[in-house]
Amino acid sequence: MKALNFLAPIFLCSLLVGCDKNRSESPIEVEIVNVSSQTKAVFAEKTNDFGIRLFDAAQALSQNENVIISPLSCAWAMSMAAMGAEGDTYSEIVNALGYSGKTKEEVGSFSKAVISELASADEKAVLESANSIWADHSLDVKKSYTESASVYYDALTTGVDFASNDGKDKINSWISESTHGIVNDVVKQTDGWVLALVNTLYFKSTWNISTGVEEMEFQDIDGKKKACKFLMTNQAKAAESEDYTYVSMPFGTNGSFEFELLMTNDCTKPVSMDMSVVSDFRKEAANGDFSFAMPFLMFECSTDLKEALLQLGIKNAFDMRAQFGAISDESLYLSQVLQSSRIYLDEKGAEAASGTVVGAELSAGINPDRKHIVADHPFAFLIRNVETNTILFVGQKVK
C-alpha cells in the first residue's frame with residue numbers, strides 16, 4: 001500500500017502580505033499529503049540524521065566551547081527555503097535534509113504533521129513551534145509562496161524595512177515573544193537583507209522522576225575542575241560498554257520526551273553523539289542499583305550555521321547560482337542562517353528554546369552504597385520525542 005496519498009486540494013484566499021508590490025494572482029491550490037505513521041518515522045529518521053551531521057559540523061567549528069543547537073528548528077527554516085527553491089538549489093537543500101526525491105508537498109505535509117503531533121505529545125510538557133516570513137517592502141514576493149508557507153508552516157508574511165532597524169527589531173521581538181523571552185537578539189544586523197525566514201522552537205517540562213541537588217566538581221575539556229550544582233537521582237536508566245556510558249531520564253507524565261546523555265572514558269575531547277551507539281544502548285538501558293548525577297545545564301549558543309550547512313552539501317543556495325524563483329522573480333541567495341539556542345536544566349526539569357533566521361539577499365549527594373555514574377567530564381546530550389523519535393535539541397557540555 002502506498003505510504004502517501006493525496007487528499008482533496010485546499011484552496012486559499014490571499015494572505016496579508018506586508019510588501020509594497022501586490023500581485024493579482026488567482027487563488028492558489030495547495031496540496032496536503034496524508035503522511036502515514038511509517039512515512040513519519042522515515043522522515044523523522046532522516047531529520048535526525050541531518051541533525052547529528054549538523055551538530056558534528058557545528059561541534060568541529062566550536063573550538064571546544066559548549067554547544068547547543070536545534071536541528072529541528074534549522075530543518076524547518078531550511079524547509080521553508082526549499083519550498084521557494086528550484087532546480088539544483090532545491091535538490092541540494094532537500095538532499096542535505098535527508099529528503100532526497102521528496103516533493104515540496106511531501107516535505108511541507110510532513111512538517112505540518114510533526115508540528116501538530118509534537119505539540120500534543122504530553123499534557124505536562126510544553127512544546128511550541130512558530131514560523132514567520134519577513135519581506136522587505138521592495139521585494140515582490142509571490143502569493144503562491146506565502147500561501148504555501150501559511151498552509152504547511154502556519155507562517156504569516158510581514159513587510160518590513162531591512163535598510164533600517166525596523167526588520168531587525170521586529171524579528172528579534174517576535175522571536176523573544178515566541179520563546180517566552182528565552183532567546184533574544186538573534187539578528188544583529190540586516191544590511192543587504194530583503195527576506196528572512198524564521199522558526200522558533202520552545203520546550204519546557206518537569207522530570208518524571210525524583211531528583212535532588214548536590215554540589216560536585218566538573219572537569220572541563222582542559223582538565224580544569226570547577227564546583228557546581230549537580231542534579232542527582234536514583235531513577236535514571238543507564239547502560240555501559242567498554243568505551244561509553246549512556247543515561248536517559250523521562251520528562252512529563254507519559255515519557256513522550258526524554259533526556260539522553262552519552263559520555264566516554266576519555267575526558268580530553270568532545271563526544272560525538274553516535275546514534276548507532278545510542279540506539280543500541282536504548283535497547284539495553286534499565287533501572288538498577290546505581291545513582292546518577294550531572295551538572296545543571298545553563299548556557300546559550302549563538303552561531304551562523306551557514307558554514308556547517310555548506311559542509312553538508314548546501315552550496316548553490318549560498319551563492320549567485322541560487323534559484324529561488326518560487327519566492328520571487330528577483331534573484332535571491334541565502335547569506336546567513338543564524339541560530340541562537342539556550343537551555344536551562346536543573347533538578348526540576350528543563351527549558352530550552354531556539355530561534356533560527358535564514359537571511360536572504362539580492363544577487364548582483366549520592367548514596368555511598370550505590371554504584372555512581374557521574375557526568376563530571378565532557379558529554380553530549382539530546383532531547384527527543386520518543387513516539388516519533390524526533391530530536392528537538394542536541395548539544396555538548398565541555399566546560
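Values reported hereafter were calculated over all heavy atoms of this structure, with side chains retained and with hydrogens, waters and symmetry mates removed.
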Under 3.5 Å, is there a donor-acceptor pair between the side chain of [X] and the main chain of [Y]?
| X | Y | value |
| --- | --- | --- |
| Asp220 | Asp222 | yes |
| Asn265 | Glu242 | yes |
| Glu258 | Ser248 | no |
| Ser62 | Gln59 | yes |
| Thr390 | Asn385 | no |
| Asn172 | Val187 | yes |
| Thr211 | Leu231 | no |
| Asn64 | Val398 | no |
| Ser173 | Asp169 | no |
| Ser279 | Met275 | no |

Trace of the side-chain contact (heavy atoms from CB on, under 4.5 Å) decision for Phe251 with Asp122: CA-CA 9 Å; Phe251 288 109; Asp122 191 318; 6.0 Å; no
Measure the spacing between [atom1] of [X] and [atom2] of [Y] and express it to the nearest 0.5 Å.
| X | Y | atom1 | atom2 | result |
| --- | --- | --- | --- | --- |
| Phe50 | Leu97 | CZ | CG | 5.0 Å |
| Leu201 | Gln339 | CG | CD | 9.0 Å |
| Thr356 | Leu338 | OG1 | CG | 9.0 Å |
| Asp274 | Ser272 | CG | OG | 5.5 Å |
| Ile69 | Gln396 | CD1 | CD | 10.0 Å |
| Phe379 | Met273 | CZ | CE | 9.5 Å |

Just wondering, more than 12 heavy atoms not from [X] lying within 6.0 Å of its [atom1]?
| X | atom1 | value |
| --- | --- | --- |
| Asp154 | CG | no |
| Lys188 | NZ | yes |
| Glu387 | CD | no |
| Glu217 | CD | yes |

If you look only at distance, which donor and acceptor atoms sit under 3.5 Å apart when one is on a side chain in residues 348-355 and the other is two or more places apart or in another chain?
| unit_1 | atom_1 | unit_2 | atom_2 | d |
| --- | --- | --- | --- | --- |
| Glu351 | OE2 | Tyr202 | OH | 2.4 |
| Ser354 | OG | Ser341 | OG | 2.7 |

Do [X] and [Y] belong together in a cluster built from hydrophobic side chains that touch within less than 4.5 Å?
| X | Y | value |
| --- | --- | --- |
| Leu310 | Phe55 | yes |
| Phe393 | Tyr344 | yes |
| Val386 | Leu382 | no |
| Val42 | Val114 | no |
| Val160 | Trp174 | yes |

Would you please classify the geometry between the [Y] ring and the [X] ring as parallel, tilted or perpendicular, with 30° and 60° separating the classes?
| X | Y | result |
| --- | --- | --- |
| Phe110 | Phe43 | parallel |
| Phe259 | Trp207 | perpendicular |
| Phe281 | Tyr244 | perpendicular |

I need the minimum non-hydrogen distance between [X] and [Y], along with the two atoms involved.
| X | Y | answer |
| --- | --- | --- |
| Phe162 | Ala135 | CE1-C, 4.2 Å |
| Tyr99 | Ser79 | CE1-OG, 4.1 Å |
| Val186 | Val183 | CG2-CG1, 3.4 Å |
| Ile373 | Thr245 | CG2-CG2, 3.7 Å |
| Asn208 | Gly255 | ND2-N, 4.4 Å |
| Ser328 | Asp140 | OG-O, 2.8 Å |

Which pairs, with at least one residue in residues 226-239 and sequence neighbours excluded, count as a salt bridge (Lys or Arg N to Asp or Glu O under 4.0 Å)?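 Matches after skipping sequence neighbours: none remain.
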With salt bridge (Lys or Arg N to Asp or Glu O under 4.0 Å) as the rule and sequence neighbours excluded, what pairs involving residues 48-70 come up?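 Counting only pairs at least two positions apart or across chains, the salt bridge (Lys or Arg N to Asp or Glu O under 4.0 Å) contacts touching residues 48-70 are Asp49-Arg53, Glu65-Lys399.
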Would Thr264 and Asp243 count as a side-chain hydrogen bond (donor to acceptor under 3.5 Å, both in side chains) here? Give the steps. CA-CA 6 Å; Thr264 69; Asp243 299 314; over 6 Å; no
Please lay out, stage by stage, how Trp76 and Ser111 fare under the test side-chain contact (heavy atoms from CB on, under 4.5 Å). CA-CA 7 Å; Trp76 278 337; Ser111 300; 3.5 Å; yes
Quick one: do Tyr333 and Asn316 satisfy side-chain contact (heavy atoms from CB on, under 4.5 Å)? Show the steps, please. CA-CA 8 Å; Tyr333 72 97; Asn316 194 299; over 6 Å; no
Between Ile383 and Ile391, is there a side-chain heavy-atom distance shorter than 4.5 Å?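 With C-beta onward as the side chain, the pair stays apart.
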So is Lys104 actually on top of Tyr90's ring, under 6.0 Å and inside 45° of the axis?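 Judged by the rule, Lys104 and Tyr90 form a cation-pi pair.
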Side-chain ion pair, Lys142 and Asp329, N-O less than 4.0 Å: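 So Lys142 pairs with Asp329 through a salt bridge.
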Salt bridge or not between Glu260 and Arg384? Use side-chain N to carboxylate O under 4.0 Å.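 Judged by the 4.0 Å cut-off on N to carboxylate O distance, Glu260 and Arg384 do form a salt bridge.
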Any residue meeting salt bridge (charged side-chain N to carboxylate O under 4.0 Å, His left out) with Asp319, in chain and number order, not counting sequence neighbours: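 Listed in chain order: Arg321.
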Might you work through the side-chain hydrogen bond (donor to acceptor under 3.5 Å, both in side chains) test for Asn254 and Ser256, ending with a clear yes or no? CA-CA 6 Å; Asn254 57 20; Ser256 291; 2.6 Å; yes
Which pairs would a plain distance check flag for residues 297-307, meaning a side-chain donor or acceptor within less than 3.5 Å of a matching protein atom at least two apart in sequence or in another chain?
| unit_1 | atom_1 | unit_2 | atom_2 | d |
| --- | --- | --- | --- | --- |
| Glu300 | OE1 | Arg342 | NH2 | 2.9 |
| Glu300 | OE2 | Arg342 | NH2 | 2.7 |
| Ser302 | OG | Ser340 | OG | 3.0 |
| Asp304 | OD1 | Lys306 | N | 3.0 |
| Asp304 | OD1 | Val337 | N | 3.1 |

With side-chain contact (heavy atoms from CB on, under 4.5 Å) as the criterion, how do Met294 and Met263 come out once you've worked through the C-alpha distance, each side chain's angles and the decisive distance to 0.1 Å? CA-CA 11 Å; Met294 65 167 287; Met263 61 183 175; over 6 Å; no
Pair up each side-chain donor or acceptor in residues 124-133 with any protein partner under 3.5 Å, not counting sequence neighbours, and list the distances.
| unit_1 | atom_1 | unit_2 | atom_2 | d |
| --- | --- | --- | --- | --- |
| Glu128 | OE1 | His180 | NE2 | 2.7 |
| Ser129 | OG | Asn199 | ND2 | 3.2 |
| Ser129 | OG | Thr200 | O | 3.3 |
| Asn131 | OD1 | Asn199 | ND2 | 2.8 |
| Asn131 | ND2 | Tyr153 | O | 3.1 |
| Ser132 | OG | Trp134 | NE1 | 2.7 |

